[in-house]
Amino acid sequence: MKAQLEAIRLEAKDAVMSAKDGAEIENLRVKYLGKKGELTAILKQMGSLSPEERPIMGQLVNQAKAEVENLIAERSEQMKAAALEQKLKDETIDITLPATEIKKGKLHPLNTVLNDMIDIFTSMGFDVVDGPEVETDHYNFECLNVPADHPARDMQDTFYLAENLLLRTQTSAAQIRTMENRKPPIRVICPGRVFRADEVDATHSPVFHQIEGLVVDKGVTMCDLKGVLEEFAREIYGKDTAVKFRPSFFPFTEPSVEVDVTCSECGGKGCRVCKGSGWIEILGAGMVHPNVLRSCGIDPEEYFGFAFGIGLDRLTTTRYKISDIRLLFENDKRFLDQF
Ligand code: DAH
């Protein structure tokens, strides 16, 4: 019986140590230690032994059982560790490899300046309104005091989609739409894209951007216009910026002005950008013409208004010292990445 036990012990040891996986280990456990297992079977034969031999043999069998149990536990641990090792190997990440670059987008310089403008004007109590890029002749010209035969139309030729439908030449059309839809007091700006049949060069583009402003209320004067525009110019160009109001003409304002600021390139000394004058023109403005108020159903005896139209592209090129307006529209990433 001893020899038999020794044979089983050795066989079990070999089998366990060379087991390949968990299932095989489990089978061996059943085979040797299970209720019908081989070592258990030996215990059952003990009845045939003499009372003296019994405890000795019992001890040996228990020792063998414990040994096999330990081996099984040991082998299971080994297999677990090996599996983990393999998993780590398979899932290795080389953290020294350069990461895939995540490209972050950013605002186009025109939008950065526009956002600043919106901040400035909303802080002064203006609302932002929108207007259509395809306009009617009525809103783009007629109501702005520019009848069909008016010479001012020459400077604002555009693309006509139908006889009375055109790509708007100025955001001023938004003034009319606003006055038709809102009652004074009115304080709005309308930023947007405008279109003209202009030749492309360093300072002209057939598509460009304006920000229209309109204020209508009782007792509004030219002083309010000056105050708002000076404040805006200083916010955009810096505190020391001088602002110059030159008399001008627009059919929809009376009186009308054009507004210049100190050239941001040379500080007013005169350079290539300001063509030696020291000044840069940034907008047109004026007191809303009584005819325009009247055509929108607002009594010009009771209400006054001022309006302004700012060129966003010029503002952007001067602020960032961009030499050619075309760069704003070419969408060359090498250029845009600089902002
Ligand atoms: N719409 C004019 C233009 O495109 C700019 C302008 C001038 C707008 C005077 C105004 C204004 O609102 O009052 O040249």
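Quick note: residue numbers are just sequence positions, from 1. We count ligands from 1, going down the list as the structure has it; atoms in each ligand are counted the same way.
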So for [X], does at least one of its heavy atoms come nearer than 4.0 angstrom to any atom of ligand 1?
X	answer
Arg196	yes
Met155	no
Phe306	no

Would one find an N or O of Thr169, backbone or side chain, under 3.5 Å from an N or O of ligand 1?
no
Mind checking whether Phe252 has an N or O less than 3.5 Å away from an N or O of ligand 1?
no
Go through ligand 1 atom by atom and flag the ones less than 4.0 Å from a non-hydrogen atom of [X].
X	result
Thr253	13 (O)
Ser172	1 (N), 8 (C)
Gly286	13 (O)

So that I can tick it off, tell me whether Asp127 and Arg182 are bridged by a salt bridge, with the cut-off set at under 4.0 angstrom between side-chain N and carboxylate O.
yes
Between Glu281 and Arg246, does any side-chain N to carboxylate O distance fall below 4.0 Å?
yes
Any cation-pi pair here, Arg177 with Tyr139, using under 6.0 Å and within 45°?
yes
Can Lys226 be said to sit on top of Phe245's aromatic six-ring, NZ or CZ under 6.0 Å from centre and within 45° of the ring axis?
yes
Among all protein heavy atoms in this structure, tell me which lies nearest to [atom], with the distance rounded to 0.1 Å.
atom	answer
atom 2 (C) of ligand 1	Gln170 OE1, 3.7 Å
atom 5 (C) of ligand 1	Gly309 CA, 4.1 Å
atom 12 (O) of ligand 1	Glu212 OE2, 2.5 Å

Can you tell which of Cys190, Gly311, Gly284, Ala174 gets a heavy atom nearest to atom 6 (C) of ligand 1?
Gly284
Strictly by modelled atom types, are [X] and [Y] linked by a side-chain donor-acceptor pair under 3.5 Å?
X	Y	value
Asn70	Glu74	no
Thr318	Tyr237	yes
Gln175	Glu212	yes

Step by step, would you call Leu328 with His108 a side-chain contact (heavy atoms from CB on, under 4.5 Å)?
CA-CA 8 Å; Leu328 293 176; His108 190 283; 4.0 Å; yes
